[in-house]
Q: 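For reference, the structure I am asking about is given below.
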Protein chains: 2
Amino acid sequence: MQKSSINSFMEERMTLVALAERTGLSVTTISRVLSGQAEKYRISPKTVEYIKQEADRCNYRPNVMAQSLRTKRTRTIGLVVPAISNPFFANIASAIVQKARELGYTVILSDAMEDAEQEEEGVRSLLLRHVDGIIVSTSAEQPAFLEQVNESAVPVVLIDRYFAETTLPYVVTDNYSGALEAVSHLINRGHQRVACICGVRHSAIVQERMRGYVDAMQRAGLERFVHCVGDEFSVQNGYIEAKLLLNSNPLPTALFTMNNTILLGAIKAIKESGLRIPEDISVVSFDDNPFLDYISPAITRIVQPQNELGSIALRILIRSIEENERSDARIKLSPILKLCDSVALYDK
Amino acid sequence: MQKSSINSFMEERMTLVALAERTGLSVTTISRVLSGQAEKYRISPKTVEYIKQEADRCNYRPNVMAQSLRTKRTRTIGLVVPAISNPFFANIASAIVQKARELGYTVILSDAMEDAEQEEEGVRSLLLRHVDGIIVSTSAEQPAFLEQVNESAVPVVLIDRYFAETTLPYVVTDNYSGALEAVSHLINRGHQRVACICGVRHSAIVQERMRGYVDAMQRAGLERFVHCVGDEFSVQNGYIEAKLLLNSNPLPTALFTMNNTILLGAIKAIKESGLRIPEDISVVSFDDNPFLDYISPAITRIVQPQNELGSIALRILIRSIEENERSDARIKLSPILKLCDSVALYDK
DNA sequence: AATCTTTGCGCAATCGTTTGTGCAAAGATA
DNA sequence: TATCTTTGCACAAACGATTGCGCAAAGATT
């Protein structure tokens with residue numbers, strides 16, 4: 001037991017050739033048996049049995065590089081995220097890594113640091129590694145590069161951050177309806193001056209969330225109060241923009257922040273200004289996170305189905321790889337509004 | 001520009017053979033030039049120049065599988081963490097991925113789900129992929145398996161979660177002094193009944209943190225109040241143990257939680273019981289996290305140098321790989337106590 | 001002019017698989 | 001018995017690089 005595991009490292013790595021010598025059969029036959037092609041090539045059951053026995057007596061493991069070199073398949077996928085330190089992406093990564101393992105794939109992680117150039121560099125590096133496919137939550141403004149990759153190299157599936165106009169398949173949250181619901185909730189609770197702090201504007205998810213925000217405001221006849229600020233998914237952006245909002249006059253009575261990092265910055269600004277949530281200002285945000293339940297107060301938020309995002313994206317990618325075709329799936333999963341304590345009734 | 005990037009995917013992949021035909025030189029020579037061995041083999045400067053030009057005119061990129069097959073090196077490392085969804089590990093992963101990219105390595109991520117068997121399976125899978133080395137924050141009780149890997153397969157470096165008795169190199173936080181400082185802080189603020197909620201007891205970091213806790217108590221003559229509970233790094237464990245502590249009599253006046261997940265559970269329990277932090281009970285925890293500044297109140301905590309942990313571990317690993325020797329580094333980095341608002345003066 | 005060095009590069013084996021094709025032996029058919 | 005199928009496996013060429021050794025031509029030495 002322990003022994004065999006030791007041996008699997010220490011003995012010179014078993015190869016097909018060695019196995020061939022040991023059994024007196026040809027490399028070809030052994031390869032066929034071990035790769036499950038036995039009856040396709042009519043290897044006799046007796047031989048099959050024999051080979052299998054010897055193979056695991058010797059603890060044979062195929063050399064993946066040699067396999068890949070021949071087959072052009074690595075059973076490896078790339079995952080590119082804007083920032084693995086962001087819990088939202090860490091959770092998605094977690095789901096994908098799990099699922100991939102079950103399916104016999106391993107994942108190479110690439111962190112783009114919210115930067116389009118680093119993302120591109122990362123993707124190129126993945127291609128050099130001959131990944132079979134790539135899942136990316138993009139930091140880019142334009143789909144062109146990734147579309148090229150998808151068309152002429154390996155399948156690409158977008159997750160969360162995507163492009164509105166693209167041939168690439170994606171699986172994302174329904175950002176529009178999420179934002180609509182969140183902002184409507186604020187409005188239903190009596191808020192009118194609802195300000196919105198955005199992430200990078202070129203991002204489709206930002207545009208959708210903005211659209212949801214604006215529509216909610218318009219439906220309530222509040223278009224004159226529509227106020228979008230900010231242009232980055234960062235704590236700092238959230239902080240600065242909230243700071244400015246809190247110095248404006250009249251004050252907004254509620255804030256809609258577009259993700260968890262912006263939220264953090266906004267909370268910091270609010271705390272600094274001595275205002276209280278939700279007594280003085282209400283807050284709803286996009287993105288879930290265990291910590292948000294422990295913040296003071298627990299933040300009402302749009303919860304995205306992180307696990308499903310990950311596992312569906314992976315499923316699409318793997319199918320695409322194994323059927324060797326490009327998917328055109330466009331999947332929008334519904335988020336849910338988690339009501340917590342950061343929204344107060346506003347009865348002006 | 002755009003053109004060339006397209007071509008790099010679309011054209012049939014350039015190979016040394018193709019390049020040889022194009023230039024009229026031999027594959028050997030080209031290989032030598034492109035792998036920087038030109039003057040070692042006395043290739044004339046003129047030829048070198050010519051080859052380099054043609055190579056990048058044709059956008060040549062070596063096939064990594066073929067390279068690895070020959071050289072037995074993949075320029076790939078494995079990273080095994082107990083849970084990538086834990087922000088602590090996500091941050092470490094972020095640092096490692098960054099640094100690795102700079103050094104020309106890519107990283108394969110494996111998530112052990114806090115489980116020793118999954119960790120082992122993950123490591124085996126990494127070995128099948130022929131990673132050049134592995135960084136692991138271990139979920140195992142025993143060093144045996146990883147030591148075997150280190151001795152007879154590829155270099156292994158432990159990070160954060162390590163073993164006290166092991167031949168493996170590690171880079172960790174000085175858990176003892178961190179805990180000592182944290183608990184001393186509580187004691188200096190007048191606390192006596194300081195309870196401690198632990199992670200898995202077999203873990204060296206837990207033992208060190210416990211030792212720090214116990215020593216701090218003893219130095220203050222408080223050994224009779226030493227009280228360690230819990231046995232898991234999970235929100236649930238923190239919740240349950242805190243729940244129990246809060247039902248005990250007399251109540252502890254302060255809690256020392258061993259990591260961020262335990263902390264969350266404890267906070268939940270405290271909130272549920274209607275107690276306030278720090279008025280009714282003080283809290284200090286191990287692990288940093290941006291969110292902890294926004295929790296109510298901001299949690300006083302031991303901040304570990306996550307980036308350094310990651311980058312130093314990687315540096316050790318890479319050196320080990322490139323020098324082809326096993327390191328025996330045992331590095332302990334000092335954490336710092338970040339004073340926030342979760343500790344009150346206790347004047348009994 | 002004969003020998004020795006140095007310069008500049010190529011031959012061919014090798015890494016460990018996969019796979020199209022081929023070919024004997026055994027069995028079936030007539 | 002001659003021919004045709006089927007059964008069961010092997011040969012050898014890829015995949016795309018690296019590398020020990022060898023060897024001709026040019027230059028240096030005596």
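Keep in mind that this is a model prediction, so the values were computed, not measured. Reminder, nothing fancy here: chain letters follow the sequence lines and each chain counts from 1.
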Q: Check the phosphate of dT19(C) against Q37(A), side-chain N and O only, distance under 4.0 Å to OP1 or OP2. Yes or no?
A: yes
Q: Using five pairs at each end of the helix from dA1(C)-dT30(D) to dA30(C)-dT1(D) to define an axis, what is the angle between those two axes, to 10°?
A: 60°
Q: Rounded to whole Å, please give me the gap between CG in L69(A) and C1' in dT14(C).
A: 12 Å
Q: Can you see which heavy atom on I331(B) is nearest to which on L333(B), and at what distance?
A: CG2-CD2, 3.8 Å
Q: Just how far, in rounded Å, is C1' of dT18(D) from NZ of K72(B)?
A: 12 Å
Q: Which pairs would a plain distance check flag for residues 24-41 of chain A, meaning a side-chain donor or acceptor within less than 3.5 Å of a matching protein atom at least two apart in sequence or in another chain?
A:
residue: S26(A); atom: OG; partner: T28(A); partner atom: N; Å: 3.4
residue: S26(A); atom: OG; partner: T29(A); partner atom: N; Å: 3.2
residue: S26(A); atom: OG; partner: T29(A); partner atom: OG1; Å: 3.1
residue: S35(A); atom: OG; partner: S31(A); partner atom: O; Å: 2.8

Q: I'd like to know if E54(A) and R57(A) make a salt bridge, using a cut-off of under 4.0 Å between side-chain N and carboxylate O.
A: yes
Q: Crowded around E117(A) CD? As in, over 12 foreign heavy atoms under 6.0 Å?
A: no
Q: How long is the line joining NZ of K40(B) and C1' of dG20(D), in whole Å?
A: 10 Å
Q: State whether a side-chain donor-acceptor pair under 3.5 Å links R129(B) with T76(B).
A: no
Q: Do the charged groups of R161(A) and E114(A) touch, with an N to O distance under 4.0 Å?
A: yes
Q: Who are the salt bridge (charged side-chain N to carboxylate O under 4.0 Å, His left out) partners of R73(A), not counting sequence neighbours?
A: D132(A)
Q: Which heavy atom of L79(B) sits nearest a heavy atom of I96(B), and at what distance?
A: CD1-CD1, 3.9 Å
Q: Return the polar atom pairs (N/O with N/O) between nucleotides 6-13 of chain D and the protein under 3.5 Å, or none.
A:
residue: dG8(D); atom: N7; partner: R42(A); partner atom: NE; Å: 3.4
residue: dG8(D); atom: N7; partner: R42(A); partner atom: NH2; Å: 2.8
residue: dG8(D); atom: O6; partner: R42(A); partner atom: NH2; Å: 3.2
residue: dC9(D); atom: OP1; partner: T47(A); partner atom: OG1; Å: 2.6
residue: dC9(D); atom: OP2; partner: S44(A); partner atom: N; Å: 2.7
residue: dC9(D); atom: OP2; partner: S44(A); partner atom: OG; Å: 3.2
residue: dC9(D); atom: OP2; partner: T47(A); partner atom: OG1; Å: 3.2
residue: dA10(D); atom: OP1; partner: S26(A); partner atom: N; Å: 3.3
residue: dA10(D); atom: OP2; partner: S26(A); partner atom: N; Å: 2.7
residue: dA10(D); atom: OP2; partner: S26(A); partner atom: OG; Å: 2.8
residue: dA10(D); atom: OP2; partner: T29(A); partner atom: OG1; Å: 2.6
residue: dA10(D); atom: N6; partner: R32(A); partner atom: NH1; Å: 2.6
residue: dC11(D); atom: N4; partner: T28(A); partner atom: OG1; Å: 2.7
residue: dA12(D); atom: N6; partner: T28(A); partner atom: OG1; Å: 3.1

Q: Given atom CG of N63(A) and atom P of dA17(D), what is their separation to the nearest angstrom?
A: 17 Å
Q: Please list each protein N or O that sits under 3.5 Å from an N or O in nucleotides 25-27 of chain C, with the distance.
A:
none

Q: Send over the distance from I51(B) CD1 to dG10(C) C1', rounded to a whole Å.
A: 12 Å
Q: Atom CE of M14(A) to atom P of dC15(C): distance rounded to whole Å?
A: 15 Å
Q: Categorize R73(A) for me: base, sugar-phosphate, or nothing, with a 4.0 angstrom heavy-atom threshold over every strand shown.
A: nothing
Q: Figure out the CE/C1' separation between M65(A) and dA17(D), and round it to whole Å.
A: 12 Å
Q: Counting the atoms with a prime plus P, OP1 and OP2 as sugar-phosphate, which does S31(A) contact under 4.0 Å by heavy atoms, base, sugar-phosphate, or nothing?
A: base
Q: Please find the pair of heavy atoms, one from Q306(A) and one from F88(A), that lie closest to each other, and give the distance.
A: NE2-CD1, 3.1 Å
Q: So which atom in A90(A) and which in A90(B) form the shortest heavy-atom distance, rounded to 0.1 Å?
A: CB-CB, 4.0 Å
Q: Please enumerate all residues that pass ring-ring contact (aromatic ring centres under 6.0 Å, His included) together with Y162(A), with sequence neighbours excluded.
A: Y170(A)
Q: To the nearest angstrom, how far is L19(B) atom CG from dG16(D) atom C1'?
A: 12 Å
